[in-house]
Amino acid sequence: MSRLHVELPGLSLKNPIMPASGCFGFGREYSQFFDLSNLGAIMIKATTAEPRFGNPTPRVAETSAGMLNAIGLQNPGLEKVVSEELPWLSQYDVPIIANVAGSLEEDYVKVAQEISKAPNVHALELNISCPNVKTGGIAFGTIPEVAKQLTRRVKEVSEVPVYVKLSPNVTNIVEMAKAVEDGGADGITMINTLVGMRLNLKTGKPILANRTGGLSGPAVKPVAIRMVYEVSQVVNIPIIGMGGIESAEDVIEFFYAGASAVAVGTANFVNPFVCPEIIEQLPVLLNQLGFEHISECTGRSWK
Amino acid sequence: MSRLHVELPGLSLKNPIMPASGCFGFGREYSQFFDLSNLGAIMIKATTAEPRFGNPTPRVAETSAGMLNAIGLQNPGLEKVVSEELPWLSQYDVPIIANVAGSLEEDYVKVAQEISKAPNVHALELNISCPNVKTGGIAFGTIPEVAKQLTRRVKEVSEVPVYVKLSPNVTNIVEMAKAVEDGGADGITMINTLVGMRLNLKTGKPILANRTGGLSGPAVKPVAIRMVYEVSQVVNIPIIGMGGIESAEDVIEFFYAGASAVAVGTANFVNPFVCPEIIEQLPVLLNQLGFEHISECTGRSWK
Amino acid sequence: MIRKEICKIISQKLIAENIYELTVKAEMVHDITEPGQFVHIRVGNGLDPLLRRPISISSYDVTEEQFTMIYRKDGKGTSLLASMAPGMELDILGPLGNGFPINEANIGETALLVGGGIGVPPLYELAKQLTAKGVKVINVLGFQAESAVFYEQEFSELGETYVATADGSYGIKGFVTDVIKDLQFDCVYSCGPTPMLRALEQQYSHKKMFLSLEERMGCGVGACFACVCKKVDDPTGASYKKVCSDGPVFRAGEVII
Amino acid sequence: MIRKEICKIISQKLIAENIYELTVKAEMVHDITEPGQFVHIRVGNGLDPLLRRPISISSYDVTEEQFTMIYRKDGKGTSLLASMAPGMELDILGPLGNGFPINEANIGETALLVGGGIGVPPLYELAKQLTAKGVKVINVLGFQAESAVFYEQEFSELGETYVATADGSYGIKGFVTDVIKDLQFDCVYSCGPTPMLRALEQQYSHKKMFLSLEERMGCGVGACFACVCKKVDDPTGASYKKVCSDGPVFRAGEVII
Ligand SMILES: Cc1cc2nc3c(=O)[nH]c(=O)nc-3n(C[C@H](O)[C@H](O)[C@H](O)COP(=O)(O)OP(=O)(O)OC[C@H]3O[C@@H](n4cnc5c(N)ncnc54)[C@H](O)[C@@H]3O)c2cc1C
Ligand SMILES: Cc1cc2nc3c(=O)[nH]c(=O)nc-3n(C[C@H](O)[C@H](O)[C@H](O)COP(=O)(O)OP(=O)(O)OC[C@H]3O[C@@H](n4cnc5c(N)ncnc54)[C@H](O)[C@@H]3O)c2cc1C
Ligand SMILES: Cc1cc2nc3c(=O)[nH]c(=O)nc-3n(C[C@H](O)[C@H](O)[C@H](O)COP(=O)(O)O)c2cc1C
Ligand SMILES: Cc1cc2nc3c(=O)[nH]c(=O)nc-3n(C[C@H](O)[C@H](O)[C@H](O)COP(=O)(O)O)c2cc1C
Ligand code: FES
Ligand code: FES
C-alpha cells in the first residue's frame, strides 16, 4: 500500500503507524492478536544497561480520558533484550526502534552502542523524558544544553539514526527540539507523558506507589498537537508524533500538525487491534479527504 | 455552615468554592440560576486597563474531557468594571477576587491599584499566566525573576491581598511559586490552562482562530493535582486550587493535594448549577469521609 | 427564565439523510418567547462529549409541553444524540437567546423566510406564528442535494415555498439568492450558513431583515465570551454582541457577520 | 486464544448489596481453560471510563456459549456496568490469564476453597469442576456483613460451606482464618483481599496452596508492566511475574504478596 509508505532516516516504513514505547512490551503479547509485520515499525520498551524492576505497584491509575503510569522503566536489561527479545522480533518483517534509557550519560552511550548493532534495530529513540525515574533523567529532558550533549555522545556511537524523545513538561519545547537537532538528532519523537497525579478519596494518599506518574491518552492530545505544530515549523528533521492517538482521524491531525509518522500508546490497552485497524482505515480516510499520499498531510496546518 | 468556612488572606469564605476567572463573566448570567451569595467568592473575568475585544472567533473547541479556549482577555476595561460590574455585584454578600491582567508591568500596576479600592474586592488574582495573548504576558508567567518583580510591584500598590495565578506551562512550577512568594504574594491560585491545539480534519487548519488555546476541564485535573501537591509542600502561603473540578470529590482531592480553597471553571458551562451543587454535597461527603471540617483535608496527601 | 431540565425523548425520526427530528417533553416550553430561540443540550452524562450542543427549537406545543428540534448528525455529540431512543432522557438548558421578532412584520405584509440547510428548522415555528398572525410568508429553502431536503411539505402548508439545491438534484438548481431575486416581500427572516446571510445582507440592505447567526459556544448563556461578534458601528473596535445571549437573531446591519 | 468480542448481555441481577451477577453470550467460552481466569471489559464506547476493567469469570457454560461474572458496583466503570440492561452489548477481551489448576487436587482429596468478598466468584466454577472431578470441597466464604453475602446456597450444593462476616451480622463472626483452623483439608485455593491471602500463606505454608492476586491493570495481556509482582527467590530483585498473564493465580510461595 504505497499511499502509506514513508521514508524517514533509517526507516523505510510500510505505513507510518507504530506502537509507542512501553505500550507494546517487546511485541510478544500483541503477536497473539495480529501479524506484527503489518506495522510500520515497533518502538520497544525502554532498555537500560542493567535489568530494572521499576517502581512498586500500583503503577497505573485512570484519569478522565487518560491514564497515569509509573512503571519506572522496568525492563530485562540490555543483554537480554539483545540476546532474546530482538532475535525473537526478527521473525517479523518490521523495523525496530529501540528506546534507550539510563540514569547517567554513560548508561545511554553504552546501551545505544550495543543495541544499535542489532540487525533489526533501524533507529534509536533516546528517552530523555521519562518522568517516572528518580535519579538523573530529568535534566536530560529539560535543559537544552544537557540534551544536546547527550544526543551528540549517543550519535557518536550509534550505528543507526537517532531520534530523541521530548518531554512535554518544559516551558519551551522549541528550544529543546532545536538543541537536540543541533546535537545531531536525525529525528524527534514527541510527546512523552505529562507529569500528573491522582489521590485516593478514602486514604488521601496518591493512588500510584510512586506518587506521581505520566499522563497519556486522549486527554493529552491537544497538548501534543500544539507541540508538534510548534516544533515542526522550526526544525529540519522529521517528527514522529504521539499522544492520545486512537483513530485514523487522530493520525491525520498529527500529520497536519507536522508529523511524518505517528506512534500509538495507551490506545493499545483499550483496543489491542487499534494499530492494524488504523492502518486499514487510513486509505479510506485519505480518499474522503482527497489525498493521494499520506505525506501530503504533513504540516498542512502551517504550510 | 461553619464546616466549610475558610479564612484566607483578605478572604473570609462561607465555603471554599468559587467560580474561576473567565468562566463566570461578572456574575450576571449565573445570577439567573442561583443566589450568588451562596458562593464562597467570585473570581471575575480578567480586567485590563483598556477595554479589549480579544481574539477573533472561533474561540472555543472541544477536546477529550476538556476544552480549548482563546478568548484573549476580552473585557470591558478597568473603568467599566469599577463603575458598573463591581457595583452591580455588591448587591450580593460575596467577596470578589479581581483577576488582573495586562501586557506591561505598568498595566498590571495600574489595574491593581484602582480595582483594589473597590469595596467588594477583597483580593486580587494576578493573572501572569494567560496563554492567549500575544504581547507580553508569557515572560511574567514563566521567568521566576520577572514574576517576582511583578508581584512586588503590585503588592506595593494593592490595598488588598494579592494572589498570583500560576501557569502550568513551565518546567518547574515550584520555582515559580517560590519566586512569587518571595515577591510578597499572599496566596497562589493554580492552575491556569495548558497550551493546546486542535486541527480541523477537513481544512487541516486550527479550529481556533488564534490557533492555540488554553486547555481546561477534567482532562487537566491530574496535572493540576500534581502541581498543587508539589507547590503546597514548599510554600507557606495558601493555595486556591483549580483545573477540572466537577464534583465534591474533586474538591476533596484538591484539598488533599494541598489546596485551602478551590475554583470551578469549565464545569460551569456544562452545569450552571455546579457550584451550589458542590457546596451542598460537601458536608455529606465530609460525613462519609469522617471529617469535621474541610480544612482537615488540606495537604493530607503529604502530611 | 432559563431552566436546566431533564427532558424525556418523545420521538426521534430520521427525516432526510443524516437529518433527525427530535421531540422532547419539557416544561421549559412555557418560557419560550419567540421562534428562533435555542437550547443547549448535554448529550450523555459523561465527559465525552464534555460541552453542550446548541440546537434551535424548530417548533413547540405549549399545551402538550413538547418541543421539536431538527439537527444534522455530524460529529461526536450529534452522533450520540442520534443513537438515543424515545423514553431516554436529555439534560437540556433553555430556552436561550433572542429569536425572530414577529411583531416586526405587520398584518397583511409579506415576510420572506430564507433557510439554508440546518438553518431551516427555526424558520418553521416562525412561519407558523407569522401565518397565524396574518402575515403572508414566502419560504425559500436551500439544501445541498435532494437527499438533504426536509420539511418542504410542512412549509408549503403555510405559504408559497421554493426549494433550491446546490447540485440541482431537486427543485431549483442554485442558491437561495437566485430564487429570491424574482420575489416581492416586505421583510426578511433568515437562518443558515454565514456566506448566505452575508449575501442576503448585501443584496437587500434596504429591507428590514433579521438574521440568525451561528458561533461555537461554551456556556450558551453569555458568561464565557466564546461567541462574540463585533458591532458594526464601533469606533473603538472593542464593543460586541454575544450570539448566545444577545442573539442568535440580530437585525441586519447590527453586527459584522 | 484471546478474543476481543462484542458480547450481548443475557441477564443482569442484583444479588446482594451492590453486588451484581452478569451473564453474557460469548464465543470465547470455548477458550476458557481453567476456573479463575478473567476477562477485561470495556464499559461504554467512550473515553469515560477509558481503561478496561478486569473481572473474573465466575462460571461458564460451553454448550450455551455463556459465562457469568459477579462484581461489586464501586467506581465509575462498575457503576456504568451496573446500569446496563439485557440486550445491550459489551466489548470483552478474554479469556485472560491462568486460573486455578484443578489437576493439583486428586480424586478423593479435600480441597479448601477460601474466598473473601469479590474474591468469592471465581471459586464457584472451581468448586463445580473439582466436585465434578471427584474432589471434595469445603468452602469458606468471608464477607463484610450480611448485606454483602451472596452464593451461599450455590456453594452449599457443592460442599460443606461456612460463611463468616467481619461484623458478625451473619454466619460466624470473624475472618475466614478463624473458621479454617478447625478444618481438615489437603490443598487450598483462595481468592480475596491481599491481607487474607497473606495470612493464609503464612499460617498454612506446609499446604499445597494456590492464590489469586489482584493488581491495577493497564493492558491485561502482559505488555505494559503495570501489574507485576516480585518473585520470592530472586537475588537481583529484578525478576517478576505479571498478574495478568502469568497469574492471576500463583502457587503460594512463588511471588511476594
Ligand atoms: C444558536 C445555534 C443554533 C443551532 N441550531 C442547530 C439546529 O437547529 N440544527 C442543527 O443541526 N445544528 C444547529 N446548530 C449547529 C450545531 O450546534 C452543531 O452542528 C453541533 O454543535 C455539532 O456538534 P457535533 O457533536 O456534531 O460536532 P463536533 O464536531 O463533535 O463538535 C465539537 C464542538 O464544536 C461545536 N460545533 C461544531 N460545529 C458547530 C457549528 N456548526 N456551530 C456551533 N458549534 C459547533 C460543538 O458544539 C462542540 O462544542 C446550531 C448552532 C448554534 C450556535
Ligand atoms: C484479575 C482480577 C479479577 C477481578 N475480578 C473481579 C470480580 O470478579 N468481581 C469484582 O467485583 N471485582 C473484580 N476485580 C476488581 C475489579 O477489577 C475492580 O473492582 C474494578 O476494576 C473497579 O472498577 P471501578 O470502575 O468500579 O472503579 P474505579 O475506581 O473507577 O477504577 C479506576 C481504575 O482503577 C482500577 N481498579 C480499581 N479498583 C481496582 C481493584 N480492586 N483491582 C484492580 N483494579 C482496580 C480500575 O480497573 C480502573 O482502571 C478483579 C480484579 C482483577 C485484577
Ligand atoms: C504504560 C506506559 C509505559 C510507557 N513506557 C515508556 C517507555 O518505556 N519509554 C518511553 O519513551 N515512553 C514510554 N511511555 C510513553 C509512551 O511511549 C507515549 O509517549 C505516551 O504514552 C503518549 O502516547 P499515548 O497517549 O498514545 O499513550 C509509556 C506510556 C505508558 C502509558
Ligand atoms: C473560557 C475560559 C476563559 C478563561 N478566562 C480566564 C481569565 O480571564 N483569567 C484567568 O486567570 N483565567 C481564565 N481562565 C482559566 C480558568 O480560570 C481556570 O484557571 C482554568 O480553566 C482551569 O480550571 P477548569 O478546568 O475548572 O476550567 C479561563 C478559562 C476558560 C475555560
Ligand atoms: S457561549 Fe458563552 S458567552 Fe456565548
Ligand atoms: S496489565 Fe499490562 S502487563 Fe499486566
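So you know, we letter chains A, B, ... as the sequences are listed, proteins then strands, and number each from 1.
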Item checked: Atom CD of D:Gln203: over 12 foreign heavy atoms under 6.0 Å -> yes
Next item on the list: Check the surroundings of atom CG in D:Asn45: do more than 12 heavy atoms from other residues, nucleotides or ligands lie under 6.0 Å from it?
Entry: no
Next item on the list: Side chain from CB out, backbone as N, CA, C, O: work out which of these in D:Lys231 comes under 4.5 Å of a heavy atom of chain A, or both, or neither.
Entry: neither
Checklist line | Within 45° cone of A:Phe53 ring axis and under 6.0 Å: D:Lys230 NZ or CZ | finding: yes
Notebook entry, point to check: Could you give the distance from CG (D:Leu51) to CE (A:Met67), rounded to the nearest 0.5 Å?
Noted result: 5.5 Å
Notebook entry, point to check: Can you name the closest pair of heavy atoms from A:Ser64 and D:Lys76 and give their distance?
Noted result: OG-NZ, 4.3 Å
Margin query: So which residue, A:Thr266, A:Ile207, A:Thr63, A:Asn75, ends up with the most heavy-atom pairs under 4.5 Å with chain D?
Written below: A:Ile207
Next item on the list: Kindly check if the number of other-residue, nucleotide or ligand heavy atoms within 6.0 Å of CD (A:Glu249) is above 12?
Entry: yes
Check: Which heavy-atom pair separates D:Ala223 from A:Tyr30 by the least distance, and what is that distance?
Finding: CB-CE1, 3.2 Å
Checklist line | Choice from A:Gly66, A:Cys23, A:Ala219 maximising heavy atom contacts with chain D below 4.5 Å | finding: A:Gly66
Notebook entry, point to check: Given side chains that start at C-beta, do those of D:Leu93 and A:Pro272 come closer than 4.5 Å, heavy atoms only?
Noted result: yes
Item checked: Smallest separation among heavy atoms of D:Leu47 and A:Pro218, with atom names -> CD2-CG, 3.8 Å
Note to self: Atom CD of residue position A:Gln91 - does it have more than 12 heavy atoms of other residues, nucleotides or ligands inside 6.0 Å?
What the structure shows: yes
Notebook entry, point to check: So does D:Lys25 have more than 12 non-hydrogen atoms from other groups sitting under 6.0 Å from NZ?
Noted result: yes
Margin query: Heavy-atom pairs under 4.5 Å with chain A - which of D:Asp48, D:Asp91, D:Ile2 has more of them than the others?
Written below: D:Ile2
Checklist line | Nearest atoms (heavy-atom pairs only) where A:Glu62 meets D:Leu50 | finding: OE2-N, 3.0 Å
Note to self: I need the minimum non-hydrogen distance between D:Val221 and A:Glu29, along with the two atoms involved.
What the structure shows: O-CG, 3.1 Å
Next item on the list: Any chance you could measure D:Phe225, atom CZ, to A:Leu73, atom CG, to the nearest 0.5 Å?
Entry: 11.0 Å
Checklist line | Pick from A:Phe33, A:Phe26, A:Phe24 with the largest number of heavy-atom pairs that fall under 4.5 Å of chain D | finding: A:Phe33
Next item on the list: Flag the pair D:Arg216 / A:Thr57 as yes when at least one side-chain heavy-atom distance between them is below 4.5 Å, and no otherwise.
Entry: no
Notebook entry, point to check: Do you know which two heavy atoms are closest between A:Asn271 and D:Arg52, and how far apart they sit?
Noted result: CA-NH2, 4.4 Å
Next item on the list: Step through the shown structure and confirm whether more than 12 heavy atoms of other residues, nucleotides or ligands are within 6.0 Å of OH on A:Tyr92.
Entry: yes
Check: Relative to chain D, which segment of A:Glu50 carries a heavy atom at a distance below 4.5 Å: side chain, backbone, both, or neither?
Finding: neither
Note to self: With a 4.5 angstrom heavy-atom cut-off, is it the side chain or the backbone of D:Met1 that approaches chain A, or both, or neither?
What the structure shows: neither
Next item on the list: Return yes when atom NZ of A:Lys205 has more than 12 non-hydrogen atoms of other residues, nucleotides or ligands closer than 6.0 Å, and no otherwise.
Entry: yes
